[in-house]
2 protein chains.
Amino acid sequence: MVDNKLIDVTFKKYGLRKTSFRKNLFELFHNSLNSLSAKEISLRFSTSADKVSIYRALDSFEKSGLIHKVPDKNNLLRYSLCKSECTPNQHAHDHAHFLCSVCDETFCLDDFTLPSTKSHNGFLINDLKIIMEGTCVSCKSI
Amino acid sequence: MVDNKLIDVTFKKYGLRKTSFRKNLFELFHNSLNSLSAKEISLRFSTSADKVSIYRALDSFEKSGLIHKVPDKNNLLRYSLCKSECTPNQHAHDHAHFLCSVCDETFCLDDFTLPSTKSHNGFLINDLKIIMEGTCVSCKSI
DNA sequence: ATATTAAACGCAACAAAATTGCGTTATAAA
DNA sequence: TTTATAACGCAATTTTGTTGCGTTTAATAT
């Protein structure tokens, strides 16, 4: 369960309306160790949430800078909670993403440092991502 | 236009049947500077190619090691021609991928070296990709 | 050259993911 | 409390990719 104060502060910071659905969605992200797809979100809601609301909420959360897209093994839309430093315009994701070949989950490896380059052969680089594939900690030990 | 000898050699190497459709598809990849999605392929064929044939050919080309999946800005299946060193089992893609925010195209940056790590915090890394976003050379100069 | 066999084709149907439209409801601000 | 607007929820639609299956075509053996 997430503290009401955190919800207030967060929603205010990101300029989001506090509807009960979006508060639940935020809680879900907050309590999830890794990323979420629309389908996973749908399954985790007891009261069946409309998929359109899910998609629109995700879109809105992303635009505000609260969550960010992460890669997915099956090309699904998939999101993770942003770090507190992120703003709508500037995301501070200096971490790598890890896709587990066994469980298909996506993990953020927060402490993996990315190379910092601004351009390469005339290509202007605004954003650089590292995506790893392999076996995650949990699946390794099975 | 691609030389018939190249087609012969390539299809033999990768164990592919020389159907007229697949020869055209190979030519298309060979003449493309960057990557192709199923939709783009479809549009580039004058004689409307069946989409199922496109998907199956792409799958077959990929499995043989002739082409490889590249990331796409809109979560589409997207492929690029492999380097000659690639085999069905082992791909030698030590390059970064660049996604242009303006034209949505994906480019392979062949000479961008990737870090080589085999594990991180208990995660076993089989494959590591770098994806850059920004403005490509062509779009920059517009 | 011809027959054989197995892959590739092409069409229809299907499935999953995501989007659009629109009238209704709920939130934030005036 | 009123008002403007964002969010909701339902249906319908679009887009992307897949499966099934009978037919065709290419590679191999005869």
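In the text below, chain A, chain B and the rest are named by the order of the sequence lines, each starting its count at 1.
Under the 30°/60° scheme for interplanar angles, the aromatic rings of B:F11 and B:F26 are found to stand perpendicular.
Across the protein-nucleic acid pair, A:D104 atom CG and C:dA17 atom P stand 12 Å apart, rounded to whole Å. A:K51 has its NZ atom 10 Å from the P atom of C:dT19, to the nearest Å. One interatomic measurement links the two molecules: CZ of B:R56 to C1' of C:dA12, which rounds to 12 Å at whole-angstrom precision. Atom pair B:L58:CG and C:dA8:P shows a separation of 13 Å (rounding to whole Å applied). Separating the CG atom of A:D50 from the P atom of C:dG21 is a distance of 16 Å, rounded to the nearest angstrom. Rounded to whole Å, atom P of C:dT5 lies 13 Å from atom CZ of B:R17. Following rounding to the nearest Å, B:R22 (CZ) and C:dA6 (C1') show an atom-to-atom distance of 13 Å. Between the CZ atom of A:F21 and the P atom of C:dT25 there is a distance of 19 Å, rounded to whole Å.
Within a 6.0 Å radius of NZ in A:K39, no more than 12 heavy atoms belonging to other residues, nucleotides or ligands are found.
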Evaluation steps, salt bridge (charged side-chain N to carboxylate O under 4.0 Å, His left out), between B:D59 and B:K63: CA-CA 6 Å; B:D59 195 54; B:K63 285 200 168 57; 3.0 Å; yes
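Every residue two or more places apart in sequence or in another chain that forms a side chain to side chain contact (heavy atoms under 4.5 Å, CB included) with A:D50 is listed here: A:V52, A:S53.
Read 5' to 3', the first and last nucleotides of DNA chain D with an atom closer than 4.0 Å to a heavy atom of chain B are D:dT16 to D:dA27.
Ranked by how close their nearest DNA chain D nucleotide is to the 5' end, B:L16 and A:N75 are led by A:N75.
Salt-bridge annotation for A:E133 and B:K129: present, with a side-chain N of the basic residue lying under 4.0 Å from a carboxylate O of the acidic one. Using a 4.0 Å cut-off between charged nitrogen and carboxylate oxygen, B:R78 and B:E40 count as a salt-bridge pair.
Closest approach to the B:S53 side chain among C:dC9, C:dA8, C:dA18 is made by C:dC9 (side chain taken as heavy atoms from C-beta onward).
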